[in-house]
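Both backbone and side-chain heavy atoms feed into the values below; hydrogens, waters and symmetry mates do not. A, B, ... follow the sequence lines: proteins, then strands. Residue 1 opens every chain.
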Amino acid sequence: MIDHKSIQSKWLSEWEKAKLFESDINEREGILVTAAFPYVDMPLHIGHLRTYGTADFYARYKRMRGFNVLYPMAFHKTGTPILAISKRIAANEPDIIDVLKKLGVEDTEVIKKMSDPYFLADYFEKITEEGMRGAGFSIDWRRKFDSINPFFSKMVEWQFSKLNEKKLLVTGEHPVGWCPNEGNAVGQHDTKGDVQPEISKLVAIKFKDSGSDKYFACATYRPETVYGVTNLFINPKAQYVIADMDGTKVYMSKDAFEILKYQFDMNLVSEINGEELLAKKAINPINGKEVPIFPGSFVKPDFATGVVMSVPSHAPFDYEELEKLKGSNYDTGLKYEDYIRCLETPDESKSTDIPALQYLNSKKKDDGSYDVEAATKDIYRDELRRGTMLVGDYKGKGVSEARESISKDLISDGNAFEVNIISNEEPVYCRCGARVVVHTVKNQWFINYGEKEWKEEAKSYVPEMLIYPEKTRNALLAAVDWIDLRAAERAQGLGTKFPFDQDHIIESLSDSTIYPMFYTISNIIFSSGAKPEQLSGEFFDYLVYGKLDANEVSKSTGIDYEVLKKCRDSFSYWYKFTSRHSASDLVFNHLTMYIYNHLAIFPEEYWPKQIVVNGLVNNEGVKMSKSLGNVIPILKGIELYGADTLRFIEIVNSDLDQVAEFSTESVNSVNQKIEYIYSVLSKIKGMSAGELRPIDFWLYSKLNRKIRDATDMVEKFNLRDAYISIFYGSVNELRYYFERGGSNSIVVNDFMSKVILMLSPVMPYNSEELWHMIGNDTFVSKQQWPEPEENLIDDSVEQLEDMLNSTIEDISNTIKLTSKIDANKGKSVKSVKIIVADDWKFKAYEKLREYKSMSKVINLPEFSTISKESLSKYLSSLIKNVNSLPDLQYSSEDEYNALDSSKDYIKSKLNGLSEVSVKREGESDSDRAFRASPTSPAIILEWN
RNA sequence: GCAGGGAUAGCAAAGCCUGGCCAAAUGCGGUGGGUUUAGGGCCCAUUCCCGUAGGGGUUCGUGAGUUCAAAUCUCACUCCCUGCACCA
């Protein structure tokens, strides 16, 4: 067994002693590798290892390719989650304490102290750093900082002053989830059960009361069906009110009023019974038609406005309700022709002309009742997709187009307004217990990612970046196109004050878009003695644009001239080539904003060059999440499974864009192979050098082919395939080499050292250990990546091994099949004759590959001595695969020698054979000898 | 709804961009065997159907199309997953 722990701690301290990963500018080409910094409201878990590990892999690989690589790290503390957790700890909520305990925070004293958000953040920062060091990340820790650092804030302020200069900040209104009790916005972590309040938009169409100046506000998702309204529904048991909205009096349910008053400026005029409303008539604004008000038992007073327009031809709920009213005081008396069809719908069933009924019929349950919910879902979907308008201004148009236009028209004519509602299936409650409503925030500042020129620039830049995996480019393009206004500031949380509203702080995604630049100067600034306020706008203008000269900036900021120069040199060196790494969940927010902000603020030479996006990590097939309680903190994971093993599984064991599957099973499988590699190393001592045999050349060929191909794959971030070859492939090749009798110490040593080099970016600890075991006293982390020796890649030696193995397989198959023959019952195969195809077959094979025509080959003079019959018989067996015949790199003689010298091996693979002989086709008198063909010798079994 | 991704053998998953060496990698599970074999591990064989000689047949969500040739390209359809605003 390998002692992971001592290997890890040994090399970790060696690396740190040697300051191996502290990088400064030099004459070589530089690469700045950054990963989205971790949010420190909990310890890092093994899922995070994927992103930081992939970045680390890249950093280590590029170092081995001769680049000067900087991989720095920092910590994100801005925003509300840290505050929210501290608050919950202060309130002694048992849930959160449970979660912390599961995450390995056992000490109740420590937990108590975490009611201080700064303590909590510092605590997890420390644990996070420890985890990253343990994972073997090659980080330059001199440069670390966090996002509430006052120096950092100066950079963010500068960023926003630039955005503002470019008129990319705008103000406006914005709907948010809101707690009426606490009077603040609520996000996911502020709600019971951590549900995200979802806001969706409906249109409330105003139907005028025919007997007064008041309006019924009918909220609907389907304004295009307004042509088909036969009546309105209200809930007769509910209390209604008359509300004054900007001078317009509107009927709505009392519950609705209580919710919507946070969204609209409105006053309660008076209350009114639902029953009273039933006597009224309402006028449809689209056609002036007067319609009655009916009681609707299904109308929820707390949903939207509590008033619903009824479209029985297209809404199953409305249809059913009207059917129920038949025979009551509210007998509708509607005849079929009264159901107003406003859409042509695609349902082909001709049982009825009323679409709503068609869909109800298709959802009839066993007891004869309808599944109204399901019918509604179906008709909604189908009509949206394929319905066309039969009436109105948009007659002939598709529903999706008509819906948008009609609601726009209604609104601009003052006949409707938009209503936002919390659209979660279940009501959402704030942790304080109050029900979350929608509130419209006024004077909200936004970053305007919809700004036309900016968007165009971003859209044309995305295709120019290096993006891995390639399909992320599509997602990024879509995201860049889609993103519009984005709130830039908010009322609560940790972070930098918003420059144009000092009571607010900058929203935490917006403050972490250009910060990779800060890594290039953080260590210089921190050790310079400069004060935060000295990092003025001029400082950053000088740093990024080279504006003014260092003397003047030094004068105005008081920062030492040399320090300024150093900052500028460092920034302009490192920022020329940056590689940004994150998990796929940040594509639609952080990465998109990262691109936009860089484009807006930086000169083109410092724009982002490369983005690498990795998938998430599952634990035993299940998504890892705090709430599921299946996260493994990284320090614990390293202790249990070993850092290298975790790294291997998460970084290279699955495709970049796929979910990585972590399981103890995979841990075992990787560990076993690591141990096999160790065991081979200890075996080398017992071997000796000596003359190279074919199997040695085979191993060299495999090795160099591997180096060549795997390097190509790594360059394209095709890490999984590369390491299947480097790790799994090498283990298999070594096993095969020994099985075939290979035992050359020099060959094995060469093979191992190159494989160890290639393993080192993924498994730095064990590679370092193995590297020293084979007699090196340098750091493997500082070595060059191996170069393939093309002249050692030998197709023929590999093809001959393949031929040998497929021949063995054929023999084994044949024995199995023929043992079923009656004549062979009770017998076994005594000996096998292997007959190698004659040389002319090899030649004809080549010619057929070249000409792809049987007749051409048959008529070649060189085959004149061969009987036309056997020649054509042979060629016809090849012709159907003529386009896929492999290029054979060996001769009949080679094949003969390879088989003849491997008779013992063949015997060993086929149990119970007493004799194996190899003959040339021309020397054999067997009537099956003609079947021999290149790569596929004839096989003759003898039974007794 | 909008946007992105997906549907492959018992399961998971590769292949699809760049059509043909694809009955389709790999892992798990199943079956048989081996290993002085408690268990586990490891090793070998086998795991769509048929087959008395290494062969043949039918497959890659559904339907159509392009092509000498389609898991791979085009179109339509059905279903599934993820994100959607203050939340990192």
Side-chain angles (χ1 to χ4, degrees), chain A residues 36-41 76-82 84 147 174-177 185-190 194 196-201 221 380-381 384-385 400 403-404 423 441 444 446 470-472 474-479 481-493 506-510 512 584-590 615-616 621 623 653-655 657-659 661 663 665-666 668-669 672 676 720-721 724 728 735 739 806-807 809-825 880-887 909 911 928 931 936-941:
Chain A
F37 55 6
Y39 192 80
V40 285
D41 63 339
H76 200 192
K77 298 182 178 175
T78 325
T80 49
I82 288 175
S147 65
H174 183 53
V176 295
V186 288
Q188 185 169 356
H189 51 259
D190 303 312
D194 281 333
Q196 172 69 41
E198 285 165 29
I199 296 172
S200 73
K201 202 176 276 178
Y221 283 112
Y380 186 97
R381 185 195 61 210
L384 176 71
R385 200 165 300 174
S400 56
R403 175 176 300 171
E404 216 165 296
S423 60
V441 177
Q444 169 74 50
F446 298 93
E470 180 56 37
K471 76 174 177 193
T472 302
N474 260 339
L476 261 178
L477 265 176
D481 194 34
W482 155 87
I483 194 172
D484 194 21
L485 292 180
R486 194 85 192 191
E489 45 86 20
R490 45 177 304 164
Q492 9 159 21
I506 289 174
E507 188 274 324
S508 64
L509 280 176
S510 308
S512 45
S584 53
D585 53 348
L586 298 188
V587 169
F588 279 81
N589 43 58
H590 167 71
L616 302 169
K623 189 178 165 178
N653 212 26
S654 47
D655 283 321
D657 57 341
Q658 295 287 312
V659 174
E661 295 290 344
S663 63
E665 204 178 296
S666 49
N668 291 335
S669 138
Q672 276 159 19
Y676 179 78
R720 180 172 179 270
D721 289 338
I724 282 177
Y728 295 113
R735 285 202 172 117
E739 191 180 10
S806 70
T807 302
E809 200 176 311
D810 280 349
I811 296 172
S812 148
N813 279 337
T814 307
I815 292 175
K816 197 158 42 180
L817 275 172
T818 53
S819 61
K820 291 183 199 156
I821 306 175
D822 285 343
N824 294 333
K825 285 261 161 71
K880 87 175 165 178
N881 295 322
V882 70
N883 288 317
S884 52
L885 293 175
D887 184 8
K909 297 296 280 185
N911 289 333
R928 295 186 52 81
R931 295 187 63 111
S936 179
I939 296 160
I940 297 164
L941 307 180

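- In this structure, Asn589(A) atom CG and rG83(B) atom C1' are separated by 9 Å, rounded to whole Å.
- Here rC79(B) sits opposite rG6(B) as a Watson-Crick or G-U wobble pair (both hydrogen-bonding atom distances under 3.5 Å).
- With both ends at atom C1', the span from rA12(B) to rG30(B) equals 15 Å, rounded to whole Å.
- In this structure, the nucleotide among rG5(B), rA3(B), rC86(B) sitting nearest to the side chain of Ala487(A) is rC86(B).
- Contact annotation for Ile483(A): no contact, since no heavy-atom pair falls under 4.0 Å across all strands.
- Separation of atoms CD1 (Ile82(A)) and CG (Asp41(A)) is listed at 6.0 Å; rounding is to 0.5 Å.
- The residue Thr78(A) sits close only to the backbone: its heavy atoms come under 4.0 Å of sugar-phosphate atoms, none of a base.
- Under a cutoff of 6.0 Å and an axis angle of 45°, Arg403(A) and Tyr380(A) form a cation-pi pair.
- For Ala938(A), the side-chain atoms get nearest to rG54(B) when compared with the rest of rA88(B), rG54(B), rA14(B).
- When the C1' atom is used for both rA70(B) and rA64(B), the distance is 14 Å, rounded to whole Å.
- Residue contacts for Asn668(A): at a heavy-atom cut-off of 4.0 Å it reaches no nucleic acid atom on any strand shown.
- Contact between the side-chain N/O atoms of Gln658(A) and the OP1/OP2 oxygens of rA14(B) is found at a separation under 4.0 Å.
- Summarising the geometry of Gly493(A) relative to Thr80(A), their closest heavy-atom pair is CA-CG2, 3.9 Å, with the distance given to 0.1 Å.
- Leu509(A) CG to His590(A) NE2: the interatomic distance, rounded to the nearest 0.5 Å, is 8.5 Å.
- Within 4.0 Å of Pro38(A), counting heavy atoms only, lies no atom of the nucleic acid at all.
- The side chain of Lys471(A) lies closest to rG5(B), out of rA14(B), rA88(B), rG5(B).
- Heavy-atom nearest nucleotides on RNA chain B were determined for Glu489(A) and for Tyr380(A), and the one closer to the 5' end corresponds to Tyr380(A).
- Looking at heavy-atom distances under 4.0 Å, Asp190(A) makes contact with sugar-phosphate atoms alone, never a base.
- Minimum atom distance to the side chain of Asp655(A) is reached by rA14(B), of the listed rG5(B), rA88(B), rA14(B).
- For the P atoms, the distance from rC80(B) to rA23(B) is 34 Å, rounded to whole Å.
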What's touching nucleotides 38-42 of chain B from the protein side, N or O pairs under 3.5 Å?
{"unit_1": "rC42(B)", "atom_1": "OP1", "unit_2": "Gln672(A)", "atom_2": "OE1", "d": "3.2"}

Item to complete: Please report the C-alpha distance between Trp482(A) and Leu477(A) in whole Å, then the side-chain angles of each, then the deciding distance to 0.1 Å, and finally whether the side chain to side chain contact (heavy atoms under 4.5 Å, CB included) criterion is met.
Response: CA-CA 8 Å; Trp482(A) 155 87; Leu477(A) 265 176; over 6 Å; no
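- Between rU74(B) and rA7(B), the two P atoms lie 14 Å apart (nearest whole Å).
- Under 4.0 angstrom from either OP1 or OP2 of rA88(B) there lies at least one side-chain N or O belonging to Thr80(A).
- The CD atom of Gln658(A) sits 10.5 Å away from atom OG of Ser584(A), with the distance rounded to the nearest 0.5 Å.
- When the C1' atom of rU82(B) is taken as reference, atom CG of Leu616(A) falls 10 Å away, rounded to whole Å.
- Partner assigned to rC48(B) is rG57(B), using Watson-Crick or G-U wobble distances below 3.5 angstrom.
- Across all strands shown, rC68(B) pairs with rG20(B); the Watson-Crick or G-U wobble distances both stay below 3.5 Å.
- Within the nucleic acid shown, Val186(A) comes within 4.0 Å of sugar-phosphate atoms alone, with no base atom in reach, counting heavy atoms only.
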Item to complete: Carefully, step by step, assess Ser510(A) and Glu507(A) under the rule side chain to side chain donor-acceptor pair (under 3.5 Å).
Response: CA-CA 6 Å; Ser510(A) 308; Glu507(A) 188 274 324; 2.8 Å; yes
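- In this structure, Tyr39(A) and Gly79(A) approach most closely via the heavy-atom pair OH-C, 4.1 Å.
- For rC21(B) and rG15(B), the C1' atoms lie 14 Å apart once the distance is rounded to whole Å.
- Rounded to a whole Å, the CG atom of Leu509(A) is 7 Å from the P atom of rA88(B).
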Could you pull out the protein-nucleic contacts involving nucleotides 75-81 of chain B (nitrogen or oxygen on both sides, under 3.5 Å)?
{"unit_1": "rU78(B)", "atom_1": "OP2", "unit_2": "Arg385(A)", "atom_2": "NH1", "d": "3.1"}
{"unit_1": "rC79(B)", "atom_1": "OP1", "unit_2": "Arg381(A)", "atom_2": "NH1", "d": "3.2"}

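- Lys201(A) has no side-chain polar atom (N or O) that falls below the 4.0 Å cut-off from OP1 or OP2 of rG1(B).
- The closest donor-acceptor contact from the side chain of Glu489(A) to the backbone of Phe446(A) lies at 3.5 Å or more, if one exists at all.
- A sub-4.0 Å separation between OP1 or OP2 of rA85(B) and a side-chain N or O of His174(A) is absent.
- The partner of rG1(B), taking Watson-Crick or G-U wobble pairs whose two distances both stay under 3.5 Å, is rC84(B).
- As rounded to whole Å, 12 Å separates atom P of rC86(B) from atom CD of Gln492(A).
- Base-pair partner of rG27(B): rC11(B) (Watson-Crick or G-U wobble, both distances under 3.5 Å).
- Rounding to whole angstrom units, CZ of residue Phe588(A) and C1' of rC2(B) are separated by 10 Å.
- Of all the heavy atoms in Thr78(A) and Ser147(A), the pair that sits closest is OG1-OG, 2.5 Å.
- With RNA chain B read from its 5' end, the first of the two nearest nucleotides for Ser508(A) and Ala475(A) is the one closest to Ala475(A).
- Between Asp481(A) atom CG and rG4(B) atom P there is a gap of 9 Å when expressed in whole angstrom units.
- The distance between atom CG of Asn474(A) and atom C1' of rG5(B), rounded to the nearest whole Å, is 10 Å.
- Spacing between rA13(B) and rU58(B) at atom P, rounded to whole Å, works out to 29 Å.
- Nucleotides rU66(B) and rC75(B), compared at atom C1', are 11 Å apart to the nearest Å.
- Judged by Watson-Crick or G-U wobble contacts below 3.5 Å, the nucleotide rG40(B) has no partner.
- The backbone N or O of Ala185(A) lies less than 3.5 Å from a partner atom in the side chain of Gln492(A), making a donor-acceptor pair.
- When distances are taken from the side chain of Arg720(A) to each of rA14(B), rC86(B), rG4(B), the shortest belongs to rA14(B).
- For Thr807(A), the side-chain hydrogen bond (donor to acceptor under 3.5 Å, both in side chains) criterion is met by no residue, not counting sequence neighbours.
- Computed from coordinates, the Trp482(A) CH2 to rC84(B) P distance equals 8 Å when rounded to whole Å.
- For the P atoms, the distance linking rU59(B) with rG5(B) amounts to 30 Å, nearest Å.
- Checking rG4(B), rA88(B), rA85(B) against every side-chain atom of Arg490(A), the shortest atom distance belongs to rA88(B).
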Practice prompt. Begin with the C-alpha distance, continue with both residues' side-chain angles, and end with the deciding distance and a verdict on side chain to side chain contact (heavy atoms under 4.5 Å, CB included) for Lys77(A) and Val40(A).
Written response: CA-CA 6 Å; Lys77(A) 298 182 178 175; Val40(A) 285; 3.6 Å; yes
